[in-house]
Q: 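Dropping the structure in here first, questions after.
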Amino acid sequence: MVALLLGLGAACASADEKPAGKQPAARPSTVEQVVEAVVRATEGKDQAALEALAKPDAPDPWLVVDELCRRGLHAEAEAFAEAAPRPVVAGLPGYIAIQRDRPSDADERAQLDAALQAAGAGKWGDVLTAAEKVPRELDSIVRLRCAFARGVAFSATRRKRESSAALLEVGRAAAKIGWYGIASAALHSAARDAYRISDWPGALTAWELRLDVLRALGDTRGLSQTLGNLGNVHLQRSEYAEARTRYAASLELKRKLDDQSGIARTLGSLGVLERRLGNYPQALAHYDEALAYARKRNDRLSIAQMLGNIGNVHLLRGDYPLALTRHQESLRTFTNLKRRGSMALALKSIGDVHFALGDYEASLVHREGALKLFVDLGDRQHAARVKGSLGSTHMALGNYPVALARYEEALSMARDLGDSTAEAAWLASLGAMQGQLGNHAKALARYEQSLALARKLGERSSIALALVNIGGA
């Protein structure tokens, strides 16, 4: 996001683009250079040169038009906007018409310049100060850029909820006037920041809006990625039918594009979905296909991820030695690649295998290691799940007060995060805990709550387990 903010208007053309007509050997690469070339082309009535200037998407045509309008060159701006028609510039003629009668915005531009300079120096407080001085009615390029800078500053200072809201506002306003490039970037950033704080409704809203922008642009690759992101959100919300639909649509587009890394990622996501539903053969089939794609590309990170996923399925199927081998392989690679988040996941999984094998001390060591990494990384969702797992470990070791505290912490966090799958699991664990303590009425109540959630989610394995627990309560 920071690079995008600082790069607005400064992007260079790709090296293989050739000049057309009377263009010089080196095509202008900055907004100012393009503006000067547009003026020369319009004065010389050189339509071929004007078309060559208008065709590239870098520097952003909207920034070129903004500079032309700032200089009062509205006729030249119109000629540039209409020289190479395509979706990304379709809104420019209407925008230019409005700018003809707009008063000077020199003060707002001064604040934008101050915000950009502060961003380049990493002075995010100064970025916010400058951006806040610009009116919040986002009806111009300058105001949209200031608002975008504000969102980036919030994100850079870990104020993710504020950044998501600010960038969502930018995305909506930019899409309204037809500036689809910045709309797409802002909406994606808004969704990503919402996702990082488990704000699933916020992530869904922003990525759904981005789909409309990408369809308007005809951006198939962007559509495939955003559909996959939406699938991830639905998966986190345990909305499996919706997740499968989004993943299937994403996979279809990625196969058409021959996006092999994207295909592998989406197959992996489908594997996670089927694993959660207890469809282990289907999950392994997806993971195996994803692993084949990763090995074909010698993608060490993806190979490690798929080995870990396969290990999870073997764990669920009771093949513990093979599960442990796969997870240890993945942990070695993640460690070599210095991927701390993935290391934490692998540590958690190894702890799960040791727990299944009855080696509770080894399980405790690996799960505590995973929790520390998740907390350091600010990953609340996984931290919550590991806390629950630690509850099971302490329960197995006979540390009942610690186990009960861990389960209650995990349940509270799962509810705060809207993680229904984890909530059902920790309700069941609390039922087992209460049963162990001889509190059978409390145990039955927790089991029944767990069953109700499992039925709502359609998780067959969890439903079966809850019924067994109720029968034994």
Q: I'd like to know if D319 and R317 make a salt bridge, using a cut-off of under 4.0 Å between side-chain N and carboxylate O.
A: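 A salt bridge is absent here (no side-chain N lies under 4.0 Å from a carboxylate O).
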Q: Verify salt bridge (Lys or Arg N to Asp or Glu O under 4.0 Å) between R136 and E169, making sure each step is shown before the conclusion.
A: CA-CA 10 Å; R136 296 289 295 278; E169 185 181 11; 3.3 Å; yes
Q: Going through the checks in order, is the salt bridge (Lys or Arg N to Asp or Glu O under 4.0 Å) test met by K387 and E408?
A: CA-CA 9 Å; K387 282 189 176 184; E408 292 289 0; over 6 Å; no
Q: Under a 4.5 Å cut-off applied to non-hydrogen side-chain atoms, are S163 and V152 in contact?
A: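 Side-chain contact under 4.5 Å: no.
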Q: For F355, does the six-membered ring have the charged nitrogen or CZ of R367 within the cation-pi criterion, i.e. under 6.0 angstrom from the centroid and within 45° of the normal?
A: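 Yes.
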Q: Would you say D376 and R340 make side-chain contact, with heavy atoms under 4.5 Å?
A: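 A side-chain contact exists here, since the closest heavy-atom pair is under 4.5 Å.
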Q: Applying side chain to side chain contact (heavy atoms under 4.5 Å, CB included) to L144 and I177, what does each step give before you reach the verdict?
A: CA-CA 11 Å; L144 283 166; I177 66 171; 3.6 Å; yes
Q: Does a side-chain heavy-atom distance below 4.5 Å link N399 with M395?
A: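 Sidechains of M395 and N399: no contact.
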Q: Would a distance-only check, ignoring hydrogens and angles, find a side-chain to backbone donor-acceptor pair under 3.5 Å from T335 to L331?
A: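 Flag set: sc T335 to bb L331 pair under 3.5 Å.
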Q: Taking N439 for its side chain and K442 for its backbone only, find out whether a donor-acceptor pair lies under 3.5 Å.
A: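 No; judged by distance alone, with no hydrogens or angles, the pair does not exist.
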Q: Any chance you could measure F334, atom CZ, to M343, atom CE, to the nearest 0.5 Å?
A: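 Separation between the atoms: 10.5 Å.
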Q: Identify the heavy atoms of S389 and W426 that sit nearest to each other, and give their distance.
A: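 Minimum heavy-atom contact is N-CH2, 3.4 Å.
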Q: Report yes or no: does D219 contribute a side-chain atom to a donor-acceptor pair with the main-chain N or O of G222 at less than 3.5 Å?
A: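 Present.
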Q: Have E239 and H234 got a donor and an acceptor in their side chains that come within less than 3.5 Å?
A: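 Yes.
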Q: Can you tell me if Q381 and Q236 form a side-chain donor-acceptor pair at under 3.5 Å?
A: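 A donor-acceptor contact under 3.5 Å links the two side chains.
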Q: Could you please spell out the steps behind the side chain to side chain contact (heavy atoms under 4.5 Å, CB included) verdict for R275 and L284?
A: CA-CA 8 Å; R275 187 197 74 210; L284 282 176; over 6 Å; no
Q: Would a 4.5 Å heavy-atom cut-off, applied to side chains only, mark D126 and Q117 as touching?
A: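 With C-beta onward as the side chain, the pair stays apart.
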Q: Using a strict threshold of under 4.0 Å (side-chain N to carboxylate O), is an ion pair present between R255 and E289?
A: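 Yes, E289 and R255 are salt-bridged.
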Q: Calculate, to the nearest 0.5 Å, the distance between atoms CG and CZ belonging to D193 and R158 respectively.
A: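 The CG atom of D193 sits 12.0 Å away from the CZ atom of R158.
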Q: Less than 4.0 angstrom from a charged side-chain N to a carboxylate O is my criterion; do R244 and E274 meet it?
A: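 Salt bridge present between R244 and E274.
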Q: When you measure from the side chain of Y287 to the backbone N and O of V272, does any donor-acceptor pair fall under 3.5 Å?
A: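 Looks like yes, one N/O pair under 3.5 Å.
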Q: At their closest point, which heavy atom of V127 faces which heavy atom of A115, and how far apart are they?
A: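 Closest heavy-atom pair between V127 and A115: CG2-O, 3.4 Å.
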Q: First locate atom NE2 of H327, then atom NZ of K348, and finally report the distance between them rounded to the nearest 0.5 Å.
A: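 Spacing of NE2 (H327) from NZ (K348) equals 8.5 Å.
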Q: Roughly how far, to the nearest 0.5 Å, is NZ of K254 from CZ of R221?
A: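 The CZ atom of R221 sits 10.0 Å away from the NZ atom of K254.
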Q: Report yes or no: does R86 contribute a side-chain atom to a donor-acceptor pair with the main-chain N or O of K55 at less than 3.5 Å?
A: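 Yes: the side chain of R86 pairs with the backbone of K55.
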Q: Give a yes or no on whether the backbone of A186 and the side-chain of S189 come within a donor-acceptor separation of less than 3.5 Å.
A: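 It does not hold such a pair.
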Q: State, yes or no, whether a side-chain contact exists between E242 and V233 at a heavy-atom distance under 4.5 Å.
A: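 When only atoms from C-beta onward are counted, V233 and E242 do not touch, as no gap falls below 4.5 Å.
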Q: Taking W62 for the side chain and V88 for the main chain, is one N or O donor matched with an acceptor at less than 3.5 Å?
A: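 Side chain of W62 to backbone of V88, a donor-acceptor pair under 3.5 Å: yes, one is there.
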Q: Using the rule given for side chain to side chain contact (heavy atoms under 4.5 Å, CB included), can you reason through S349 versus N312, listing the C-alpha separation, both sets of side-chain angles and the distance that settles it, and then say yes or no?
A: CA-CA 7 Å; S349 296; N312 288 335; 3.3 Å; yes
Q: Would E252 and K256 satisfy salt bridge (Lys or Arg N to Asp or Glu O under 4.0 Å), going step by step from the backbone distance to the final call?
A: CA-CA 6 Å; E252 181 181 1; K256 289 180 179 178; 3.7 Å; yes
Q: Could you tell me which non-hydrogen atom of S363 sits nearest to which non-hydrogen atom of H354, and how far apart they are?
A: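 Taking every non-hydrogen atom into account, N-CB, 3.8 Å.
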Q: Distance only, no hydrogens: is a donor on one side chain within 3.5 Å (strictly under) of an acceptor on the other, for T333 and R300?
A: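 The answer is no; no qualifying pair exists.
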Q: With rounding to the nearest 0.5 Å, note down the distance linking OH in Y247 to CG in L273.
A: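 With rounding to 0.5 Å, OH (Y247) is 7.0 Å from CG (L273).
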Q: Run the side chain to side chain contact (heavy atoms under 4.5 Å, CB included) test on L390 and S392 for me, step by step, so that the C-alpha distance in whole Å, both residues' side-chain angles and the decisive distance to 0.1 Å come before the verdict.
A: CA-CA 5 Å; L390 282 165; S392 300; over 6 Å; no
Q: Can you find a heavy atom in the side chain of L209 that is under 4.5 Å from one in the side chain of L168?
A: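 In contact.
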Q: Going by atom types alone, do S164 and K160 pair a side-chain donor with an acceptor below 3.5 Å?
A: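 No, because no side-chain N or O of S164 sits under 3.5 Å from a partner of the opposite role on K160.
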Q: Tell me the closest heavy-atom pair linking L324 and I350, and the distance in Å.
A: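 Answer, listing the atom of L324 first, then I350: CD1-CG2, 3.9 Å.
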Q: Answer yes or no: is there a side-chain heavy-atom contact under 4.5 Å between L112 and V134?
A: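 No. Closest side-chain heavy atoms not under 4.5 Å.
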Q: When you compare the side chain of Q305 with that of S302, does any pair of heavy atoms fall below 4.5 Å?
A: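 Yes - at least one pair of side-chain heavy atoms lies under 4.5 Å apart.
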Q: If we ignore hydrogens and angles and just use 3.5 Å, is the side chain of S450 paired with the main-chain N or O of A424 as donor and acceptor?
A: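 Such a contact is found between S450 side chain and A424 backbone.
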Q: Determine yes or no for a side-chain-to-main-chain donor-acceptor pair under 3.5 angstrom, with S184 supplying the side chain and Y180 the backbone.
A: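 Answer holds: no.
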Q: Could you pull out the closest heavy-atom pair between R380 and M413, with the gap in Å?
A: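 Taking every non-hydrogen atom into account, O-CE, 3.5 Å.
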Q: So, the side chain of D379 versus the backbone of H382: is there a donor-acceptor pair under 3.5 Å, distance only?
A: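 Side chain of D379 to backbone of H382, a donor-acceptor pair under 3.5 Å: yes, one is there.
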Q: Take atom CZ in R196; do more than 12 heavy atoms of anything else shown fall under 6.0 Å from it?
A: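 Yes - once you tally the heavy atoms of other residues, nucleotides and ligands closer than 6.0 Å, there are more than 12.
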Q: To the nearest 0.5 angstrom, please state how far the CZ atom of R172 sits from the NZ atom of K176.
A: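 The NZ atom of K176 is 11.5 Å from CZ of R172, to the nearest 0.5 Å.
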Q: Run the ring-centre check on Y195 versus W200 and record whether the distance is less than 6.0 Å.
A: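 Ring centroids of Y195 and W200 are less than 6.0 Å from each other.
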Q: Can you name the nearest heavy-atom pair linking P61 to P56, along with the distance?
A: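 Where P61 meets P56 most closely, the heavy atoms are CG-O, 3.8 Å.
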